[in-house]
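What follows is a short report on a single structure.
Here is how names work: the chains are called A, B, and so on, in the same order as the sequence lines, proteins then strands, and each is numbered from 1. Keep in mind that what you see is a predicted model, and the values were worked out from it rather than measured.
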2 protein chains.
Amino acid sequence: MGTLADHIEAHIKKMLKSSGDNSVELSRAQLANDFSCVPSQINYVLATRFTLERGYIVESRRGGGGYIRVVHVQVEDDLTHAVNLLRSIGSQLSERQLENILARLKDIGVISPRECRLVRGIVQQEVGTINQGKDVLRASLLRALLFYIIESES
Amino acid sequence: MGTLADHIEAHIKKMLKSSGDNSVELSRAQLANDFSCVPSQINYVLATRFTLERGYIVESRRGGGGYIRVVHVQVEDDLTHAVNLLRSIGSQLSERQLENILARLKDIGVISPRECRLVRGIVQQEVGTINQGKDVLRASLLRALLFYIIESES
DNA sequence: ACAGTTAAGGTCAGTAATAGTCAAAGAAAG
DNA sequence: CTTTCTTTGACTATTACTGACCTTAACTGT
């Protein structure tokens, strides 16, 4: 199945897809009510799944008539974007950054779910074999694999 | 008979077989409970029996709603040789060894001349960015790239 | 205008639910 | 007897979820 957070995430993404303009306005209280949870759960989902790194901008206003707007930003064409993401990988990469980048690439369709899983698995496996410099190895491996994928598909 | 680890391994493989899509999601705590052992025993089994080398990818998530997913990725028969070569790559790899392996893979037609150049270039590029542990990185990168190539072309 | 009320949303720290790591003890194999 | 594989458990890390308390904006009556 999946957690409540996963379901709320999916729900918001579905709304975004059917919105026509990649943005959706929601009521925190209403959404929390629909999912039978506390309002702050919505903040949790937004904070963990709809980050800028993953391509989302979240704006909100308090008070009467308040709202939360989630915008899915799409920049350049996908390949350019992928290359930029690749460039943004520094000499070190945490596990979380790796996840965010993979999620983003999968999102824009540069890699398939299967490729995403493969890359994640490979990186994890390799990183698991060493004790020092895990972040450095992660960065190198991801760059190498993505570079290969992009090169061989273009 | 076999050890506990063997039984757990067999159990997971059985689940995989009857899964239809070569992947299965399990709960570490639940499985440990079923086999009356400590949870970390499951990690041991996964680490020793469900490695990439043997054709498995293991993904997991901690926290509430956490899980462990085991995916079995199948490689074709005519790539067995390549897989064996892959296995033979140790934890360190000199430049010379790298060349030898690439040459052999190109010879037996597992990678094309273009892929050979690509891999060599990527490895060189990455290895050039660090000062220590070049041999370790070379081994990791080659394993990763070859595994990816073999996987995505089978 | 002003003050009070109502109607949003935000923060943060704590609890619970999972899984991961590592080293040491125990068992099996050579 | 030595080495390698298995098993355990204490400690750590991560993710999800909740609730009490805080902030902001609009509305309302005088």
5'-to-3' dot-bracket of DNA chain C (Watson-Crick, G-U; under 3.5 angstrom; crossing pairs as [ ]; | other strand):
||||||||||||||||||||||||||||||
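If you measure from atom CG of Asp6(B) to atom P of dA29(C), you get 11 Å, rounded to the nearest angstrom. With rounding to whole Å, Asn33(B) atom CG is found 15 Å from dA19(C) atom C1'. Atom CD1 of Ile42(A) and atom P of dG9(C) are 10 Å apart (whole Å). Rounded to a whole Å, the CZ atom of Arg28(A) is 14 Å from the C1' atom of dC17(D). Residue Asn43(B) contributes atom CG, which lies 16 Å from atom P of dA13(D) at whole-angstrom precision.
Nucleic acid contact for Ser27(A): sugar-phosphate only, since backbone atoms but no base atoms lie under 4.0 Å from a heavy atom of the residue.
Put simply, Ser60(A) has no side-chain N or O that comes within less than 4.0 Å of OP1 or OP2 on dA8(C). Of the side-chain N and O atoms in Arg49(A), one or more sit less than 4.0 angstrom from OP1 or OP2 of dA16(D). Phosphate proximity of dT7(D) to Tyr44(B): absent, as no side-chain N or O sits under 4.0 Å from OP1 or OP2.
Taking 3.5 Å as the limit, the base of dG10(C) and the side chain of Ser40(A) contain no donor-acceptor pair of atoms between them.
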Indicate for each nucleotide in nucleotides 22-30 of chain D, in 5' to 3' sequence, whether protein heavy atoms under 4.0 Å reach the base (B), only the sugar-phosphate (S), or nothing (-).
-BBBS----
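Applying the 4.5 Å side-chain rule to ILVMFWY residues, one finds Leu52(A), Val71(A), Val73(A) in the same cluster as Ile57(A).
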Using side chain to side chain donor-acceptor pair (under 3.5 Å), reason through Tyr67(B) and Glu59(B) one step at a time and then give a plain yes or no.
CA-CA 8 Å; Tyr67(B) 60 83; Glu59(B) 309 166 313; 5.4 Å; no
